[in-house]
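Just so it is clear: chains get the letters A, B, ... in the order the sequence lines come, proteins before strands, and each one is counted from 1.
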Amino acid sequence: MTVRVYIPRDSGARSLGADTVARAIELEAKKRGEQVSLVRTGSRGLYWLEPMVEVELSDRRVAYGPVNVTDIPALFDADFLNGGNHRLALGRADEIPYLKSQERLTFSRVGIVDPYSLPDYISHGGYRGLERALALSPEQIVEEVVVSGLRGRGGAGFPAGIKWRTTLQTSASQKYIVANADEGDSGTFADRMIMEGDPFLLIEGMTIAAIATGATEGFIYLRSEYPDALHTLQAAINAAVSAGYLGDNILGTGRRFLLEVRMGAGAYICGEETAMLESLEGKRGMVRFKPPVPAIAGLFGRPTVINNVVTLASVPLIVERGGAFYKEYGVGRSRGTIPIQLAGNVKRPGLIEKPFGITLREIIYDYGGGTASGRPLRAVQVGGPLGAYFPESLLDQPIDYEALAAQGGLVGHGGIVVFDESVNLARQARYAMEFCALESCGKCTPCRIGSTRGMEIIDEIVVARDGEKASRLELLRDLCDTMSAGSLCALGGLTPLPVMSALRHFPQDFGLPPSSGG
Amino acid sequence: MDIHRLVKMANDIGSFYEALPDRSEAISSIATHLKNFWEPRMRREIIEHARQGAEATPRLKELVREAILTLE
Amino acid sequence: MTAKFVWMTLVLGREQDIQFGLLLAASQKWTHRVPWMSTTRWDKAKVAAIAQELKDKPGALMPVLRRVQDELGWVPAECVPIVAEVLNLSRAEVHGVLSFYHDFRRDPPGRNIIKVCRAESCQAMGGVSLAEHIKRRLGCDFGHTRGDGSFTLEPVYCLGNCACSPAVVINGQLLGRVTPERFDAAISELDENLL
Amino acid sequence: MLAIDDKDLGTPERKSDKLISLEVDGRTVEVPEGTSVMRAAALADIWIPKLCASDLLEAFGSCRLCLVEIEGRNGLPASCTTLAEPGMRVRTQSQRLTKLRRNVMELYMSDHPLDPFECKAGGKCELHKMAQAVGLDHVRYSSSGRNHLTLPVDNSNPYFTFDPTRCILCSRCIRACDERQGTYALTIDGRGFNSVISPGQHQHYSESECVSCGACVQLCPTDALMEKSVLETGPAERAVITTCGYCGVGCSFKAELRGDQVVRMVPNKNGLPNFGHSCVKGRFAWGYATHPDRVRTPMIRKRISDPWQEVSWEEALRYAASELKRVQAKYGRGSIGGITSSRCTNEEAYLVQKLVRAGFGNNNVDTCARVCHSPTGYGLKAALGTPAGTQDFDSVRASDVIMVIGANPTEGHPVFASIMKRRLREGAHLIVVDPRRIELVRMPHVEADYFLQLKPGTNVALLNAMSHVVVTEGLAKEDFIRERCDVREYEMWREFIVQKRNSPESVEQTTGVPAESIRGAARLYAKGPNSAIYYGLGVTEHSQGTTAVLAMVNLAMVTGNLGRAGVGINPLRGQNNVQGSNDVGSFPHEYTGYRHVSDPQVRAAFEREWGVKLDPEPGLRIPNMFDAALDGSFKGLYVEGEDIAQSDPNSQHVAEALAAMEIVIVHDIFLNETSKYAHVFLPGSSFLEKDGTFTNAERRISRVRKVLPPLAGMEDWEVTCALARAFGYPMNYSHPSEIMDELARLTPIFAGVSYGKLERLGSVQWPCNDDAPDGTAVMHVGQFVRGKGRFMLTEYIPTEERTSPRYPLILTTGRVLTQYNVGTQTRRTKNVTWYAEDRLEIHPHDAEQRGIRDNDWVEVSSRAGSIVLRAEITDRMQPGVVYTTFHYPETGANVVTTENSDWATNCPEYKVTAVQVLPTTRRPERRVPEPAHHAEMSHQ
């Protein structure tokens, strides 16, 4: 009897040797005359357990991990193909507490299905959203998304349904759907996991968006740092085209939607939607001013829906189950679930999909298990390089757009990076400015010149004598004010967040008395 | 004046109006053109040449010669 | 020639794995092509053909430059007029795009390309000292190619492997949880012909 | 920098019927929908600080100085990119805004010399003005920070410098190059703080695609891009609005002066037709006006073999007049005549024809339009009733299909080309008909839908075939034709045009253009809905020039493309005042306003005004003058402003004719080829030294204003008056405005024109009279000027100039952007940097057959003569056709051109000469200056 064994081909798992493990299992099985069928999946997101190998038994999948090639003979010896016990045995995969306690709506298939298999996708409930969408009018689809309360998961948190409605109501000979897959924030990898682990979900979400808004062409703007995602997406698009889920006549309904993946080329700013449009048009990724909003005048001047990968991936379920279903999750104006990506110095990094409202502390301690180094946690950056640094004392913040904003922070793309006590926040503040300087498109003055001046002033503050510190600090505050009030886009506009939060919460790192940061 | 040049100029004008299906319209158009645009000494010389007959060289197109003769 | 793909197992850092890893990596279908390794000169006709092939795509310039770099390993300045002509753009426009994106190399890279993530998650996991170590080990700074052409060291800001920080890419292969020792082991495994 | 007294409203004008009312700083403003808050504020005289915005460019939103507060809105929106909305309440001043603006300026100045005394623009650049405006007096950032202050200065352009240390990356230069000029020569190298403005591939300006139109320099808000003339002379103190002295676009300029010295010429941003744009000639190539070659004293000589003798004005004029009288007494009243020029003002040309008609008592006056656009006048008048272009230039912005035939706008009419290219980028379709692949066929962001590369001399066959397609495929606009055209003539023409010999298939061989392309182009043109034709000398300078003009009229009428914006038939006139010199009666058969000399009523009016009896018979045309001179009946000539010996065809013939005359008076700013045959030389005044008007190709009359005193003491109109008086005909005006008044009195189409009105309106397009007091942009609206439009039969008759085994190639001619006509002006400027000699363009195949390599000296021989020049091998040419410019007298391109001419107007057939081209050891008679890089190499 052939045993089905699941091993992620997720690039994170691969970076830890998943390919080698897979090959080793094949070789060992051959050697032992065992019939093994390997299925390469996405990652369940339990990265501290990667490479995690799952074996399919009659009624369950049992997991082992993290598996090293040297463990493989022993695993065979322990009869892991029949769920045998071994020190790496984790039991039922879906019973692992880290996973079991999550509420996976968007990531329900990631790590379970073969991302290359359209039948697998369909048999796990894929394309039901599209089927329902095809039975609805565009207005009805949009209404479901509006009702769901889904907000852009890329960082801006703008209600997706409103965007769609604008595009639907703008008449044009050509409209576009663009998936923002330029996931550049450090500490984030949810988009990548979907594209590598459940690419049809993104394709389905985009197709629904197209049908809802009257768009006939779509682009996935993918950052070049994700070569594996390019392969999966392309394979999935080809499969969807062959099966009639994409193309000139979607499932025989006469609707048209063509989809193409476009690679970025190493520019964080192209995650900003207007810079992304410039890049898609084959230009320098310079930010455009708004209005006009892309929903009215976007790619090549045509109405364009731009949504982040996770946003689009949330759509099929919303349309399948109804907006009201999705709206049940979450708190306040933050509805639904958010895939939180936990990274940095943390014992159990990974992906945690939970409804909005979960606190940072729950994420970092209950899921993450505290720092990887075992040293005390000192700071947490929430929401990527433009997100605030919070001290331990603020970890009871719920993850909620409004609540974090009230603390001078942001949800961003849901990335959380944990630092232990070895971190120096003046250095992190300087790095925030440095990153802005590195990635600034250079269009607006506050960002182009300000970020470089910001690095210089922070350097000066750190070494300044007491008498000079105050004037330098005032200049830094002025600069941050100029950047946040004067910048054209969020890169320059939000860079002051990490800087000012570091100064507020960790003044001693700048050589200032503990209370002076405020 | 150089009669070769004058005859060529007149024939060029004739070539344009030759296309008109009505011959008398063509003749009057050529004559009007010559009258409106040719300086008197040019007209004098071409008329003199036309008077010498159809065979005089350089040869005027017949249509043109007829038109010129109406200028007298 | 496949040695450059091998150090997949090296992340595990056990000597006995290395030989095994070599064998396995050779059969991987997930290896990344690094064709510029064999390209010393570039071919104008090839560049023109790439541009011709892609010119009807909307916003074709990015895909064209991407493909040129994939084929040649870099984008020589002399390509610019060729691409501009085919796409009916000015040379300035092509140059502007080429110089905007950090991915596009305007000089030929070394035989091995090492990318090191310098973003926050990796910083939190010792990425800064790892980067210092790598600079010393390779003998060249970020954004530079070593004089002997053996290595190009490029900074990169997030590889999406933050749950496995710190991360490094060696000749297209992503590595997680990299330590100085593991990095050194991986480098020492690179094919001597390429060093 | 913009011209010194220009105000900039920040964002371009928007037109809308819907007006929006908003409040800015408590003032209520009403603006058209689509207007920015910044512009609305400026219209209320509230000037919001700005650096990256200009009303010549679309909003960009990068400098962040123009942030404002808007009631009920979060944040501080940029006023340049925020559109006015009804009821909006805007605050442009607050403590918050003041602080923010000062802090932004502080960032700028942290990478810039703060001291206005270090500013090359004398602290008058916008950057320093803004620093003052926001009250920035010191920079808190450390001076040791990263900066761009050590970047090298680019001096490679002959006319301006680029100093990147002074650049603030506002991208106004790039946007000017893209949006206004359409050349896309500039970009940014790198990004973020490392950004540097980059011509081409981060090269010197001279190595980039830059065409030196000057738009970037004009729009630079700092001293980063500066005219070298300003750096040398210092900032201007005052400006005079005048009109360019080059091509028929007739751009409005501000001549900026410091003391009595011209500092620079800047396009007048409020002037038409150029809306503040310029080209390399008008913007920079004005230095010839003070070139040492300028003749400053009148000269005479008895025989042309004698040396010139400098004399007083009185003596020169007395001698000239007495000689003219002597000749006239000896050889008859018709033995003398005059030639006016398209380089002269309307008033000057008017006086010359008046001198001839009223003073000399004959009609022997002609103008250089004879050799360029006379078929336009004849054809358009015959078919439509007015010998002028039907549209204003701006009309092209409403065109859906643009057909360019026999014209090369990007070289010959660059400012109009920029407007046209903008329209093409917006999506209009383009048909190019030309034997040579001109730039417009394919250049960044412009690509012709159809390029019909026809054989020289086959325009008529091609145009007929297009009409054939329209009629036979049922694309004719029958309603338009029935209503607007003479139906009997239409039926006759219809019968003619549908004949098989006019089908695309039949003319495929003749024209060399595939029938399918002709059909496609015809369908596209017919589909429109607004299709416009622009044409140049490639249409007129043929033995069938007039026929081709008529064939275009037929095509436009049959498709209903006349009488509204976006359509029409539009000649691109070569020189600034071709239209005007024709309008004011320079042709031998007609008075001002195109009225025939034989018309008794018109003549009577002139006789009354001028107080003399006038000759009712047409006078001699230029080529007839030469013939009559050789014949012995034409012996005296007054030539103002034209170098006929160089610019007229068959130079040998012209030279013999001039030599046969007894008195030749040349009135010009430089000695030239014609003055070699002159007995009197009267020094002329350049366009900077006199008052008057020019009329451009769209019938726009614009003022020429005296910027400098005339170098030789007299303006040209004064010289003609003095010559008339010396001749015995009284001519007394105190100012050219009086000449215009007389012209207006005598000419219905000018009846409403006066200097006062020009002062008020800036410029005016004729007809301007009681029916159209502010002038007329588009003609033939509702009905044609002549009543019914005329379809005329346009039989294709091949030129007699044929290739033969001895002369197997066809030579055609044209010009380049940086040079102008015979080069009199441009050769005396730094424009020679770009084009130092005429070249013979030849297809690789023809070159290969003859063993000609690039840069080889070749001899071009025709039935008329031969010349020597260097070859340039290029696939712009089709096999069998070669091409040259005629900018350098050393080349003498007209040595080879023949005496064939247009049947109706005698416009020479410059565009078709059968030649042979062979490698040669001969060199041009006068040495052609070596291009700069060759010269450098020769020193080694």
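With C/Tyr101 contributing its side chain and A/Gly285 its backbone, the two residues share a donor-acceptor pair below 3.5 Å. A donor-acceptor contact shorter than 3.5 Å links the side chain of A/Arg192 to the backbone of C/Gly160. In this structure a side-chain-to-backbone donor-acceptor pair under 3.5 Å is present from A/Ser186 to C/Glu120.
For C/Val128, the part lying near chain A is the side chain, with the backbone staying farther off; criterion is any non-hydrogen pair under 4.5 Å. Looking at A/Tyr176, there are no atoms closer than 4.5 Å to chain C (heavy atoms on both sides), in backbone or side chain. When heavy atoms are compared at a cutoff of 4.5 Å, C/Glu93 does not approach chain A at all. For A/Gln381, the part sitting under 4.5 Å from any heavy atom of chain C is the side chain, from C-beta outward, and nothing else. Residue A/Asp191 does not touch chain C at all, counting heavy-atom pairs closer than 4.5 Å. A/Ser11 touches chain C through backbone and side chain together, each having a heavy atom under 4.5 Å away. Both the backbone and the side chain of C/Pro58 come within less than 4.5 Å of a heavy atom in chain A. Residue contact with chain C, scored on non-hydrogen atoms closer than 4.5 Å, is absent for A/Ser422. Contacts of A/Gln428 with chain C are made by side-chain atoms alone, with heavy-atom separations under 4.5 Å and no backbone atom involved. Proximity to chain C (any heavy atom under 4.5 Å) is restricted, for A/Glu439, to the side chain, taken from C-beta onward. Of the atoms belonging to A/Cys270, it is side-chain heavy atoms, and not backbone ones, that fall under 4.5 Å from chain C.
In terms of heavy atoms, C/Gly59 sits closest to A/Phe300 at N-CZ, 3.5 Å. Between C/Ser121 and A/Gly344, the shortest heavy-atom distance links the atoms OG-N, 3.0 Å. The shortest heavy-atom contact between C/Ala124 and A/Val418 is CB-O, 3.3 Å. Nearest heavy atoms, C/Asn161 versus A/Gly12: OD1-CA, 3.1 Å. Nearest heavy-atom pair, C/Ala163 versus A/Leu342, reported as atom, atom and distance to 0.1 Å: CB-O, 4.3 Å.
Counting only heavy atoms from C-beta outward, the side chains of C/Tyr157 and A/Leu438 approach each other to under 4.5 Å. The shortest side-chain heavy-atom distance between C/Cys158 and A/Arg223 falls under the 4.5 Å cut-off. With contacts defined as side-chain heavy-atom distances shorter than 4.5 Å, the pair A/Arg262/C/Pro63 qualifies. Between C/Met62 and A/Ser279 there is a side-chain heavy-atom pair separated by less than 4.5 Å. Side chains of C/Phe100 and A/Ile269 form a contact here, defined as non-hydrogen atoms less than 4.5 Å apart.
Interface remark: of the candidates A/Val346, A/Val423, A/Thr188, A/Thr188 forms the most heavy-atom pairs closer than 4.5 Å to chain C. Interface summary for chain C: among A/Tyr431, A/Tyr47, A/Phe419, the most heavy-atom pairs under 4.5 angstrom belong to A/Tyr431. Chosen from A/Gly45, A/Ser373, A/Gly264, A/Gly350, the residue pairing most often with chain C at heavy-atom distances under 4.5 Å is A/Gly264. Taking A/Gly187, A/Ala267, A/Ala372 one by one and counting their heavy-atom pairs under 4.5 Å with chain C, the maximum is reached by A/Gly187. Note: C/Cys164 leads C/Ala60, C/Ser99, C/Cys164, C/Gly127 in heavy-atom pairs under 4.5 Å with chain A. Note on C/Cys162, C/Ser165, C/Ala119: by heavy-atom pairs under 4.5 Å with chain A, the leading option is C/Cys162. If you tally non-hydrogen atom pairs under 4.5 Å between each of A/Ala379, A/Ala190, A/Gly266 and chain C, the highest count goes to A/Gly266. Taking C/Val156, C/Leu61, C/Val97, C/Val169 one by one and counting their heavy-atom pairs under 4.5 Å with chain A, the maximum is reached by C/Val97.
To the nearest 0.5 Å, atom CG of residue A/Asp420 and atom CE of residue C/Met125 are 9.0 Å apart. Note that the CG atom of C/Asp103 and the OG atom of A/Ser224 stand 3.5 Å from one another [nearest 0.5 Å]. With values rounded to the nearest 0.5 angstrom, C/Leu174 atom CG is found 7.5 Å from A/Asp228 atom CG.
With sequence neighbours excluded, no residue satisfies side-chain hydrogen bond (donor to acceptor under 3.5 Å, both in side chains) with A/Glu217.
The number of heavy-atom neighbours closer than 6.0 Å to CZ of A/Arg427, taken from other residues, nucleotides and ligands shown, is 12 or below. For C/His144, the NE2 atom is loosely surrounded, since the number of other residues' heavy atoms within 6.0 Å does not exceed 12.
Salt bridge C/Lys57/A/Glu260: present, at least one basic N to carboxylate O contact under 4.0 Å.
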Steps toward side chain to side chain contact (heavy atoms under 4.5 Å, CB included) verdict (C/Arg118, A/Phe435) = CA-CA 10 Å; C/Arg118 307 186 71 186; A/Phe435 183 72; over 6 Å; no
